[in-house]
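One structure below.
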Amino acid sequence: MAIQLFDSLSRSLQPLKPSHADGVFRFYNCGPTVYAPAHIGNFRTFTVNDVLRRLLELEFGAGKVKHVRNLTDVDDRTIGQTQKEKRPLAEITQKWTDKFHADCDALNCLRPHVEPTATGHIREQVDMIECLMQKGNAYRAADGSVYFKLSTFPGYGALSRIKERELKVTNAVADADHKDSVSDFALWKAYKPEEDGDVKWPGPKGASEGRPGWHIECSAMIKKHLGETIDLHTGGVDLLFPHHENEIAQSQCCNGTTFANHWYHSEHLLVDGTTMSKSKGNYYTLSDLTDKGYSPMAVRYALLSGHPRKQLNFTLDSMHAAESALKHLRAFHAALAPTGGSENAFAAVFAALHDDLNLPGALGALFTVVNQGPAGVSRAAFERVLFVLGFKLDAPAAPKADIPAAIADLAAKRWAAKQAKDFATADALRKDLAAAGWSMLDRKDGYSLEPLKK
RNA sequence: GGCGCGGUAGCCAAGUGGUAAGGCCGAGCUCUGCAAAAGCUCUAUGCGCCGGUUCAAUUCCGGCCCGCGCCUCCA
């Protein structure tokens, strides 16, 4: 069965298939803005897209999928950060790009085949803006910025159904002095010395120096790396409007072709039932969770435990659940015979994934097999499941916490008491250790110490 | 106000016009001095509320209540 995926434009389930003669499936996923560490909500989208990428590779072949994901390294937020820190833009974006890569690796997300940056594609963006200006879809404003003229694209709003909305009047309108219409959006933003520092490039012909607007980078980079028509374009639901709507307008007006054959949007992660925010204290980065002692793989599991098109409520309890679930998978893997067994034992897992990336359904099917025991199950088949879900079941590299001397001393005393069969003392010392935040695990030949989860 | 998503056991979460997957937690048991680990077993007559359609609805239709998100640069 082909992979069926919900298409946001037609609002229906559609099969995924390469549309180009070379059989290469062209897949673009909107990437992060590198001005701060990505949070786990961002990573929900990226891990879901990673499963999609893996599934596509199994479906079409590893060499028949081209996956592109951009890095937004110049925009209001990145520039804002340079002003705040008084450091060069490149320094800041490099730092957070490195962190993003490290987090992705920890979460076992495959690197995209191409990871283009906005600043690396200024020329391509300027070319596209000039194309739009020539065709009459864009105009230079009084301040030297360039705006897309929405009224020239009748198809606008098909994706987000914007025409059915009432545009709420916001403060943004105050910013619209130079626009012909409030709804027109920036393709090129004229340089403002007091805000932009030294971030500027020569503009499109007829415009001032400055920097690209946000939306144009995706249109330009897609055109360069994947072509005018791609097979799948994905991102978080928040990008539906205006970002993706604007991309469609830019690309289709410039190229005169269909931009993307299929649109897919994953829903947001909630934390404790509400949207994440620093002020609510429910904002987590990957490091926040690993600092609490959770493994990155458990974070991945938790992020994949809900249907991607449904909001997922993340709680710290889900981290416990994920750690335990992974432990069971690890034990099951170890118990599998090296050869033999049914190759299609996990057919139901793949059926669920092919059915609109039903991840909870797939996990349910997976555990149904696991609960029946390892007998007669192919190890290779299980490993294909691990691959598609991106679960690395290596023993978790539990960072060896430094054990304070006082704790080590208590543990040694308890072990001695236990050896002497003075169980009352041993139990009292176990309580002392627990009170100090440490758990002592006995084995026949010795013991180990682990910090209790915070 | 507009658009969209959702309300299923203590928590997370699939799913179906024919009588509720799965994970976690919890409980019991086995094994262990204790604890942990591991294994086995059990855990929703019920799927927001009220009507309707139907032989049959959690699943379809209508109304209502509640929650969440988005509405110009947030994955």
Side-chain angles (χ1 to χ4, degrees), chain A residues 8 11 29-33 38-49 72 75-77 150 160-173 175-176 179 182-186 189 213-215 234-243 245-246 265-270 273-277 301-302 305-307 309-329 331 348 352 355 358-371 373 414 418 421-424 426-428 430-431 433-434 439-444 447-448 450:
Chain A
S8 309
R11 320 196 98 248
N29 172 22
C30 279
T33 302
H39 56 66
I40 57 172
N42 297 316
F43 282 119
R44 180 191 194 193
T45 296
F46 298 131
T47 52
V48 163
N49 276 273
T72 297
D75 76 326
D76 290 353
R77 289 181 294 166
L150 222 58
S160 60
R161 304 199 294 173
I162 188 68
K163 282 175 182 165
E164 297 172 21
R165 300 184 185 206
E166 276 180 17
L167 278 181
K168 194 167 118 185
V169 176
T170 69
N171 293 337
V173 174
D175 202 29
K179 301 185 195 177
V182 179
S183 301
D184 292 348
F185 59 89
K189 302 180 94 159
W214 173 38
H215 315 293
T234 69
V237 279
D238 52 303
L239 298 183
L240 251 157
F241 181 84
H243 186 53
E245 204 71 77
N246 292 354
H265 295 91
S266 46
E267 254 296 348
H268 277 182
L269 185 76
L270 305 180
T274 187
T275 185
M276 243 186 292
S277 78
Y301 187 101
S305 66
H307 190 113
R309 288 200 299 110
K310 205 173 149 184
Q311 290 171 343
L312 172 65
N313 187 21
F314 178 92
T315 64
L316 246 29
D317 280 347
S318 38
M319 290 308 307
H320 290 287
E323 296 282 14
S324 298
L326 285 172
K327 212 181 291 178
H328 285 136
L329 294 180
D355 179 16
N358 184 346
L359 279 158
L363 291 174
L366 171 58
F367 276 94
T368 299
V369 176
V370 167
N371 290 336
R414 186 182 157 272
K418 180 186 167 174
K421 299 207 183 295
D422 179 1
F423 295 126
D427 288 352
R430 176 182 288 289
K431 277 184 187 164
L433 281 164
S439 168
M440 183 165 171
L441 308 177
D442 293 357
R443 292 187 312 273
K444 278 192 175 150
Y447 60 88
S448 58
E450 282 184 8

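Protein chains get the first letters and strands the later ones, always in sequence-line order, with residue 1 at the start of each. Keep in mind that this is a model prediction, so the values were computed, not measured.
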Rounded to the nearest 0.5 Å, what separates atom [atom1] in [X] from atom [atom2] in [Y]?
X	Y	atom1	atom2	answer
A:T72	A:R77	OG1	CZ	8.0 Å
A:D422	A:R414	CG	CZ	11.0 Å
A:L269	A:N313	CG	CG	8.0 Å
A:L150	A:K179	CG	NZ	9.5 Å
A:L312	A:S305	CG	OG	5.0 Å

Only stems of 3 or more consecutive Watson-Crick or G-U pairs count here, both distances under 3.5 Å; name the ones for RNA chain B, or none.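 If one scans RNA chain B for consecutive Watson-Crick or G-U pairs, the stems found are B:1-7 with B:65-71, B:10-12 with B:22-24, B:26-30 with B:38-42, B:48-52 with B:60-64.
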Which part of the nucleic acid, if any, lies within contact of [X], taking any heavy atom under 4.0 Å across all strands shown: a base, the sugar-phosphate backbone alone, or nothing?
X	result
A:G235	sugar-phosphate
A:H328	sugar-phosphate
A:G364	base
A:S324	sugar-phosphate
A:N49	nothing
A:G213	nothing
A:L240	nothing
A:H268	base
A:K327	sugar-phosphate

Do A:D238 and A:H268 have side chains that get closer than 4.5 Å, going by heavy atoms? yes
Presence of [X] side-chain N/O under 4.0 Å of [N] phosphate oxygens OP1/OP2:
X	N	result
A:N358	B:A14	no
A:H265	B:C5	no
A:N371	B:G23	yes
A:K310	B:A14	yes

Under 3.5 Å: donor-acceptor pair, side chain of [X], backbone of [Y]:
X	Y	value
A:R44	A:E267	yes
A:D442	A:Y447	no
A:S318	A:T315	yes

Interatomic distance where [atom1] belongs to [X] and [atom2] belongs to [N] [whole Å]:
X	N	atom1	atom2	value
A:N313	B:G10	CG	P	16 Å
A:L312	B:A75	CG	P	18 Å
A:L316	B:C25	CG	C1'	14 Å
A:M319	B:C24	CE	C1'	12 Å
A:R309	B:G6	CZ	C1'	13 Å
A:E267	B:C74	CD	P	17 Å
A:F367	B:C12	CZ	C1'	13 Å
A:D238	B:G69	CG	C1'	10 Å

Dump every N/O contact between nucleotides 32-35 of chain B and the protein below 3.5 Å, one line per pair.
residue, atom, partner, partner atom, Å
B:G33, O6, A:R414, NH2, 3.0
B:G33, N1, A:D427, OD1, 3.0
B:G33, N2, A:D427, OD1, 3.0
B:G33, N2, A:D427, OD2, 2.6
B:C34, O2, A:D427, OD1, 3.4
B:C34, O2, A:R430, NE, 3.1
B:C34, N3, A:R414, NH2, 3.4
B:C34, N3, A:R430, NH2, 3.2
B:C34, N4, A:D442, OD2, 2.5
B:A35, N1, A:D442, N, 3.2
B:A35, N3, A:R430, NH2, 3.1

Under 30°, 30 to 60°, or over 60°: which ring-plane class applies to A:H215 and A:H243, parallel, tilted or perpendicular? tilted
Atom [atom1], compared across [N] and [M]: separation rounded to whole Å:
N	M	atom1	result
B:G51	B:A57	P	13 Å
B:U32	B:A37	C1'	10 Å
B:C5	B:A14	P	15 Å

Shortest side-chain distance from [X], nucleotide among [options]:
X	options	result
A:D317	B:C12, B:C11, B:G39	B:C11
A:H320	B:A14, B:C24, B:U72	B:C24
A:A321	B:G23, B:C73, B:U72	B:G23
A:T274	B:C24, B:U72, B:G69	B:G69
A:T368	B:G22, B:C71, B:A75	B:G22

Would you please name every residue forming a ring-ring contact (aromatic ring centres under 6.0 Å, His included) with A:H265, sequence neighbours left out? A:H244
Nearest-nucleotide 5' precedence on RNA chain B, A:D184 against A:F314: A:F314
Distance-minimising heavy-atom pair for A:S266 and A:T45: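 Scanning both residues completely, I find the closest heavy atoms to be OG-OG1, 3.4 Å.
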